[in-house]
Structures are given as structure tokens and as C-alpha cells.
**Student:** 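Please read through the structure below; I'll follow up with questions.
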There are 2 protein chains.
Amino acid sequence: MTLAAVVRSPSLTWPRDSVAIVTMFPHTNTRKQGKTVTVRQRKAATIYDVATRAGVSHQTVSRYLAGFEGIRPSTRERVATALKELDYRPNLAARSLATNRAHRIAVLTGDLLAAGPSRTVQGVAEASRAAGYVVDIIGIDVDNSESLREVIDVIRGQDLAGVVALAVSDRIHDAIAELAIDAPLYLDSGPADLPGPVGQSFNAVGIQLALQHLIDLGHREIVHITGAMDYLAAKARVKGFEQLALERGLRVHPIIEGDWTPRSGYAAVASGQIDPIVTAIVAANDQIALGALRALDEAGVRCPADISVTGFDDIPEAEYYTPSLTTVRIDFQQQGTYIFNALMAQIRGDERPETGAFIKPQLVVRASAAPPR
Amino acid sequence: MTLAAVVRSPSLTWPRDSVAIVTMFPHTNTRKQGKTVTVRQRKAATIYDVATRAGVSHQTVSRYLAGFEGIRPSTRERVATALKELDYRPNLAARSLATNRAHRIAVLTGDLLAAGPSRTVQGVAEASRAAGYVVDIIGIDVDNSESLREVIDVIRGQDLAGVVALAVSDRIHDAIAELAIDAPLYLDSGPADLPGPVGQSFNAVGIQLALQHLIDLGHREIVHITGAMDYLAAKARVKGFEQLALERGLRVHPIIEGDWTPRSGYAAVASGQIDPIVTAIVAANDQIALGALRALDEAGVRCPADISVTGFDDIPEAEYYTPSLTTVRIDFQQQGTYIFNALMAQIRGDERPETGAFIKPQLVVRASAAPPR
DNA sequence: TGCGAAAATGTTTCCGCTCACATTCGCGGG
DNA sequence: CCCGCGAATGTGAGCGGAAACATTTTCGCA
């Protein structure tokens, strides 16, 4: 089929960061007349074309494509040859129209910018692709429920096998519930008021890992700087923190509300709202920890000598913070796979999906946490 | 239409980070018999349903949807009402099958994890959505050309309006060129051997902004730590750096090859391959700068007193590094819009696309660069 | 008041594919 | 050598929407 030509634009009349152009799409270029040079591509081959070439019926081709066994070897080979010669590509739109079944998964996420979600997306995307699904990433503006509504409208028009919502805030959660997506949905980081032991949540487990480490180090006065509290994940972490703190009989220091950003971590410390008695800070993510570290440094408080700090996520940078950050590693890749499997189970309608082992958060001990003075 | 029920799983028998379940998709559940409770959704309304309800022909509905003017107000209203009552959603698969036109853009990117690409993706996604396009994000494994081939196969089956390739490495560039995607393609960060002034490239301009700043500060011995050199963007930055260094008559310090990661920045400095005469480092991105900062700190070299460091990207964390990082800000949002527009121009076949102002990199002066001793 | 053209609306066929059903083929047994 | 039955293959319809073309209104104006 088409051998598209790669054309380097000969002169950059308008600034662009270099562009290689392939123009082979049949734009049904409806310019009345026009000297518009439309590179017309040979139309993509259909199963009918293949069938004709192979001297069989289109249905036989369809069967071959579907992996149907009962095809005579001779026929099979003719089809295979024709397929190859014509460089046939199935038209997925037609297929999903005919089958009313899709191979596309939408991933909704509040911010791709945050380290966690974006890496989870990556993980989901990878797992999906491996299974022959395509992933639509749909960024949603958390602060604008109108846009959210639009987005969901778009989604509903797509032929989706399922939807994954990541980094879910209350607003998004409600909107999704209300707007009723007609597809299997996996809502990551659900409401904090989960049934079952909160320990099931990797958020809770992870934060507890950090807290326990601090306790083991000898800390008793520990405060938690949270993520944005309208995020389910932030709530789960708070809950995990408070539960273990209670269990261990720690003094209750009021949590300090952050919003996942380094700025909020900085503000939390710089604002002076932390009780001087505190010897350790558990941050809801690495960025917050970074901000806190910075504020501490500026205030002349040494970390970890005077105060310990832990993060969450283990982003690649964490190791290079000063001091190197003790944090909790989440295997996002694996988490993505997990989510994908869970969604697939849903799609298949499994009662009790077997999605493989749950991803265990892992404590990464570096230099930002040490025994208290 | 369907009012999908949100069901909270009553008990977590398998660990999941909370799941809200909506099962309304018609799985054509082909279990022979089975007590499989298939929640059958009322089929989505089609234009035919709407037409019947409004007492018009389906084509009238189609016209209404297409924004056709010549519809009698009374008719128009009946259609609008029916549309609403039935909660009609266009079936995009059908539409694109019929029109042979797609409203989907694929974004290929090597790593979503890197700050730059992932934010650009976000920008593209946003611009696309605003224009009614959906974005498929396709992560590709840079090190595995077989997987790349697969990916492109998948892409070709999709009905795509266009393709954007971000964070393009040589390998990807070649593969894309070779594999011939049949759609308008925007290849970000093209080959370093661009025609036209290299200054057109925001990569080059950006890095020069940093370099010039250092020169203005009085530095003469400046070294560049690069990104992964098989990335087009890394090459463009190197080229920008070298060009300006030459122009200003700076001594040529061999570039130090990095790979975008903090680790590589750390290694570049810690390995001792930097000439002691050097008083400033231009890093190809903020992560590298972070690694360098860390290595400097460990070596007891003070920044910026002893040596200055600049970054590139201005990720949110950069401000909170120690010292606060002087860097170059890229407006990824805007860049995304730019890329989208450029692609659209392609799609429309414009000769000389007007895509709005090119995004200008911006120097962000903070604390990591100061005059040399 | 009636005619014709423009405006409004309807009908048909096709997009590429899968599904349900129909038909043909091939081979073994009576 | 022919029948019958299962395997292999073919045929037709329809998924939901858009485009081309056909038909019916509507309305201005002679």
C-alpha cells in the first residue's frame, strides 16, 4: 500500500521546531478547483479487496482474520498472501461498529503533571497495548465541572471498552457517578471510607511504611503534610497515617493540608504551623517533601539531624534531593497492569476477578530520616 | 438513556484501592447458559430513534447535528427535544466510517515520565479536546524497535486524523519514516541539521538564553551537560549551545553526555570529567541540573558561589531545589496548542499554516547562577 | 390564483466489517 | 456409485451515520 514520502520542508518560513511531513491522507479535498496538490493515497485495502485477490469470499478473509480454524491450508495461504501483498489493515471503526465491541480504553486523569498519575497512566497504557487495546488519555480540568461534563460527553460517543479514572478527586468522583458512563469503569483511589481494612489501600500501606520507619527510628512527634484533600488518594493516606499513629499511641498532631506541590510543602513548614516539638514529617508525596526540605534548610533546621522527612512515590529525582529522600516506592508499572487487569475483569464480567498480586509499596531508606536528637 | 448505577462493591474480597463499578455495557454475553447476570443496557439512541421520536427523517436529524441552517424552527425544535429526551450521543465509529474522516489524534512519545514530553502531551491533549478531537497517547519503548513496529501497526488501524510524535529519538524518527504512517504527521524536535537558522528552534533559543545569562554574569568557562544524544531535542540544544559559545568566542569545553536523568547529571559532575577551570554548567534539563547540584554539594563545591548551574524546562520543583534553580521556562501548554495547530494545518492541507506566535522560551532567574568568583 | 424556484425534508446507497444463515464441497459408508 | 453429513466457503443484512440525489413544501411574484 501507500508508501508515504517523508518530506523535509525545504525552508522554514514559519518557525517550527523542525517538522517532517507526511501527507498521504485522503482529505476528500473539496476545494472547488484549486491548485491544491492533494497527494491522493491509494485507498486502503478492505477485506473485499483481499478476498478478490485471493479468489475467495470476503467472509473467508474475515474468518482468517478472526483466527478461525476451519480453513483449508491452500485457501489459508492464498488469503495470507493477499493480505500481505495488499498490506491490509483492518479498519477498526468498521469493526467496532459491526461488533459493538471496542478495543479502546479511556483513562481520565486530573493532572498528568503530577508524578504519580502520569506514571500510572504510563503503566496502564503499556498493559493495555500489550493486550491489544488502545488508550485514550483524557485530561480533565479538575476545577471546571463544565469541562468535565464535556469530556464525559466525548467519552460516551467513543466506542469504549472501559474507562479508568485516575487521581480522582471528590468532584470528579461525583461527576462520574452522576454522569453515568455506559461502560465498565475502574475508579482508582476510591473514597476513603472504604469497606474492609484500610490497609488494603496501597496509599494507606505506603504511608504507614514511612510512619513505621520513623517510629522505629525513635520518633514520637510526627506530623503529616497531606496532598490536596479533595483527592481520594490524599484522604486514604491521611487515614492510613492516623490509624497507625493511633495504634502506636502517638500524640495527635493536626495534619497540615497541602496540595501535592512543592510549594505547599514549603508553605506548610515556612508558615510555622508545625509544633516545635515535632521531630519528623511524613509528606504525602515527594514534591511536598522537597518543598519542606527547602523551607527547613532556609530556616536553618538541619535534616535529618534536627528533623526527619519522608516522601512518597519515589520519583527519580528523590534520590538527588538534599538530603537524599527516604520515601516509599510505588511500582507504577505494576500498578498500571493491575488496574488494567481489574478493568478487564470487569469487562468480562468476572464475578471474582483474579488480577494477580496487589502491588506492595516499598520503603526506600535514604538519608532524610534519622533518629531524633 | 441509561442511568448507570454506581455500585460500591460491598466487600473487598480482593485487594483493590477502592473501586466503583458501573456495568452497563452490553457484553453480548455469549455464555451458553450461565447464570451470568448481564445487565443489559437500553441500547444507545441512534439518529433513527431520534428521527422517529421527532417525527422526521433521520437525515434531518443528521443535518441538525451537522449544524445545517435550513431547518424550519418548528422542526428544529422537535429534533432538539427528541435529542435531549433520548440523550443522544453520536457514535463516532459510525461517523468516521461514513465520513472517512477521523477526530482522533495519536500522540507518540518515548517516555511520558520525562517532564517535558509529558507536559507537552498534556498541552496537545487539551488543545485537541477543545477542538473536538480525542487524543490517543501511545507510549513507545524506545529501546525496542519491534514494539515500535507493533505500535505503528496499531496506529494504522485506527482512524486517525493525524499523528504527533514527541520526544523523538533517532531510532523513532527512522522507524516512523520507514514505516510510513498514512496520516498527517507532526514530528516534534526534528533533526538537528535543520534548514534555516537554528535559532528557530525553541530548544536552541532556550539554551542560548541560559548561556547568554551566564555570559552576562561574567562566565567564560562554561560546559554543557546534554540530554540523551539520540534525542533530537538534545542535539538541538547542543547545537544552540555550541553556536552561541562560538559566536561569543568562548573556550570550547567538550560537552558532557547525559541522558536527561538526575543520575546522569550527578555522574557528569562526580566523574570529575569537568575541567576545574569551568565556572558554570548549562544542563539540558532541570533533572540533570538537580543531579549536578547534588554532586557539587557532595564535593563541597558551593553553588552558585563556586560554580553556577542552569536548568531547562522549569519544572515546578526547580524553584525548590537547593539552591533555587535558574532555568529556562517552556510554556508546554502553549507548545501543545502550537503543535496541535500545526498538525491541523497539515490536515487541512494549508500551504502556509498560520499557527499563531511561536512559543518563546523564557529565562527564569533564581539563585543557582551568579557571577564567577 | 397559479407557476416555478428555492427551501425543507425524505430516500437510498455506501463506508468496512461481522454475524446469521445458505450453499457447496468432499469424503466415507451402504 | 450415490447419499448424507460435516467441513469449508459464500451470501445477505445491518451496525450508525453522512452524502448524493429525489421529492415535497413553501413562498414570491406575475
Side-chain angles (χ1 to χ4, degrees), chain A residues 1 25-30 43-79 82-83 86-103 156-160 182, chain B residues 1 25-30 43-79 82-83 86-103 156-160 182:
Chain A
M1 203 187 68
F25 212 64
H27 321 293
T28 330
N29 206 316
T30 351
K43 239 171 121 311
T46 72
I47 50 170
Y48 287 89
D49 301 329
V50 174
T52 305
R53 178 155 196 135
V56 300
S57 81
H58 68 103
Q59 181 56 10
T60 299
V61 177
S62 178
R63 287 200 183 94
Y64 176 90
L65 259 19
F68 179 67
E69 296 290 327
I71 300 179
R72 204 159 316 169
S74 60
T75 313
R76 172 176 294 276
E77 188 172 345
R78 292 216 312 287
V79 173
L83 239 23
L86 263 30
D87 190 28
Y88 170 83
R89 308 286 155 177
N91 177 321
L92 265 33
R95 178 175 293 174
S96 74
L97 179 57
T99 56
N100 193 23
R101 234 179 298 125
H103 289 271
R156 298 172 83 183
Q158 302 291 327
D159 46 316
L160 256 24
D182 316 326
Chain B
M1 205 184 68
F25 212 64
H27 322 294
T28 331
N29 206 316
T30 351
K43 242 172 119 311
T46 72
I47 50 171
Y48 288 87
D49 301 327
V50 175
T52 306
R53 178 157 197 133
V56 299
S57 82
H58 67 103
Q59 181 57 12
T60 300
V61 177
S62 178
R63 288 197 184 97
Y64 175 92
L65 260 18
F68 179 66
E69 296 290 326
I71 301 180
R72 203 161 315 173
S74 61
T75 312
R76 173 175 293 277
E77 187 173 344
R78 293 216 311 287
V79 173
L83 239 23
L86 262 30
D87 191 27
Y88 170 82
R89 307 287 153 174
N91 178 322
L92 265 34
R95 179 174 292 175
S96 75
L97 177 57
T99 57
N100 192 22
R101 235 179 296 127
H103 289 270
R156 297 171 83 181
Q158 303 291 327
D159 46 316
L160 256 25
D182 314 327

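Only this structure's heavy atoms are used, side chains among them; waters, hydrogens and symmetry mates stay out. This one's a predicted model, so the numbers in the text were calculated from it and none came from an experiment.
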**Student:** Which atom names give the shortest non-hydrogen contact between Val79(A) and Thr60(A), and what distance separates them?
**Tutor:**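 In terms of heavy atoms, the two residues are closest at CG2-CG2, 4.3 Å.
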**Student:** Return the nearest nucleotide to the side chain of His58(B); candidates are dT9(D), dA19(D), dT26(D).
**Tutor:**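 It is dA19(D).
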**Student:** Does Thr46(A) place a side-chain N or O at less than 4.0 Å from the phosphate oxygens OP1/OP2 of dC15(C)?
**Tutor:**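 Answer is no, no contact under 4.0 Å.
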**Student:** Measure from the side-chain heavy atoms of Phe68(B) and tell me the nearest of dG10(D), dG16(C), dT9(C).
**Tutor:**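 Nucleotide nearest to Phe68(B)'s side chain: dT9(C).
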**Student:** Does Leu97(A) reach a base, just sugar-phosphate, or nothing at all? Heavy atoms under 4.0 Å.
**Tutor:**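 Result for Leu97(A) = base.
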**Student:** Applying a 4.0 Å non-hydrogen cut-off, can you work out what Ile71(B) is touching in the nucleic acid: base, sugar-phosphate, or nothing?
**Tutor:**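 Since only primed, P, OP1 and OP2 atoms lie under 4.0 Å of Ile71(B), the category is sugar-phosphate.
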**Student:** Starting at the 5' end of DNA chain C, which residue's closest nucleotide do you reach first, Ala94(B) or Ser62(A)?
**Tutor:**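 Counting from the 5' end, the first nearest nucleotide belongs to Ala94(B).
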**Student:** Ser62(A) side chain to His58(A) main-chain N or O, any donor-acceptor pair under 3.5 Å?
**Tutor:**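 Side chain of Ser62(A) to backbone of His58(A): no pair is present.
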**Student:** Would you say dT11(C) has OP1 or OP2 under 4.0 Å from some side-chain N or O of Tyr48(B)?
**Tutor:**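 So the side-chain polar atoms of Tyr48(B) never come under 4.0 Å of the phosphate oxygens OP1 or OP2 of dT11(C).
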**Student:** Nearest whole Å is fine: how far is dC17(C) P from Arg95(A) CZ?
**Tutor:**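 That distance rounds to 8 Å.
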**Student:** Taking for each residue the nucleotide of DNA chain C with the nearest heavy atom, is it Ala98(B) or Thr60(B) whose nucleotide lies nearer the 5' end?
**Tutor:**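 Closer to the 5' end of DNA chain C: Thr60(B).
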**Student:** The side chain of Arg72(A) is closest to which nucleotide in this list: dG10(C), dC25(C), dG16(D)?
**Tutor:**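 Closest nucleotide among those given: dC25(C).
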**Student:** Counting just side-chain N and O atoms, does Ser96(A) come under 4.0 Å of either OP1 or OP2 of dC15(D)?
**Tutor:**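 Checking Ser96(A) against dC15(D): no side-chain N or O falls below 4.0 Å of OP1 or OP2.
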**Student:** In this structure, how many angstroms lie between the P atom of dC15(D) and the CD1 atom of Ile47(A), rounded?
**Tutor:**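 Going from Ile47(A) (CD1) to dC15(D) (P), I get 17 Å.
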**Student:** At their closest point, which heavy atom of Arg53(B) faces which heavy atom of Ala82(B), and how far apart are they?
**Tutor:**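 Heavy-atom minimum between the residues: CG-CB, 3.8 Å.
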**Student:** Is Tyr64(B) close enough to dA8(C) that one of its side-chain N or O atoms is under 4.0 Å from OP1 or OP2 there?
**Tutor:**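 Looking at the OP1 and OP2 atoms of dA8(C), neither is under 4.0 Å from any side-chain N or O of Tyr64(B).
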**Student:** Mind calculating the distance between NE2 (His103(A)) and P (dT18(C)) to the nearest angstrom?
**Tutor:**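 Taking atom P of dT18(C) as the reference, NE2 of His103(A) is at 10 Å.
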**Student:** Using the rule side chain to side chain contact (heavy atoms under 4.5 Å, CB included), only one of Asp49(B), Leu83(B), Val61(B) pairs with Tyr88(B); which is it?
**Tutor:**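 Single pass found, and it is Leu83(B).
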**Student:** Separation of Leu92(A) atom CG from dT18(C) atom P, in whole Å?
**Tutor:**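 Those two atoms, CG and P, are 9 Å apart.
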**Student:** Give Val56(A) one of three labels, base, sugar-phosphate or nothing, depending on what nucleic acid heavy atoms sit under 4.0 Å from its own.
**Tutor:**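 Result for Val56(A) = sugar-phosphate.
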**Student:** Could you give the CD-to-P distance, from Glu77(A) to dA8(D), as a whole number of Å?
**Tutor:**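 Going from Glu77(A) (CD) to dA8(D) (P), I get 16 Å.
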**Student:** Among dT9(C), dG16(D), dT9(D), which is the nearest nucleotide to the side chain of Arg63(B)?
**Tutor:**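 Nearest nucleotide to the side chain: dT9(C).
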**Student:** Nearest whole angstrom, please: distance from the P of dC21(C) to the CD of Gln59(A).
**Tutor:**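 Gln59(A) atom CD is separated from dC21(C) atom P by 13 Å.
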**Student:** Please give, in whole Å, the distance from dA8(C) C1' to Arg76(B) CZ?
**Tutor:**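 Rounded to the whole Å, the gap is 12 Å.
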**Student:** Between Arg76(B) (side chain only) and Glu69(B) (backbone N and O only), is there a donor and an acceptor less than 3.5 Å apart?
**Tutor:**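 Yes: the side chain of Arg76(B) pairs with the backbone of Glu69(B).
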**Student:** Between dG16(C) atom C1' and Asn100(A) atom CG, what is the distance in whole Å?
**Tutor:**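 The answer, rounded to whole Å, is 16 Å.
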**Student:** Taking the side chain as everything from C-beta on, heavy atoms only, tell me whether Asn91(B) gets closer than 4.5 Å to Thr46(B).
**Tutor:**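 Asn91(B) does not reach Thr46(B) side chain to side chain.
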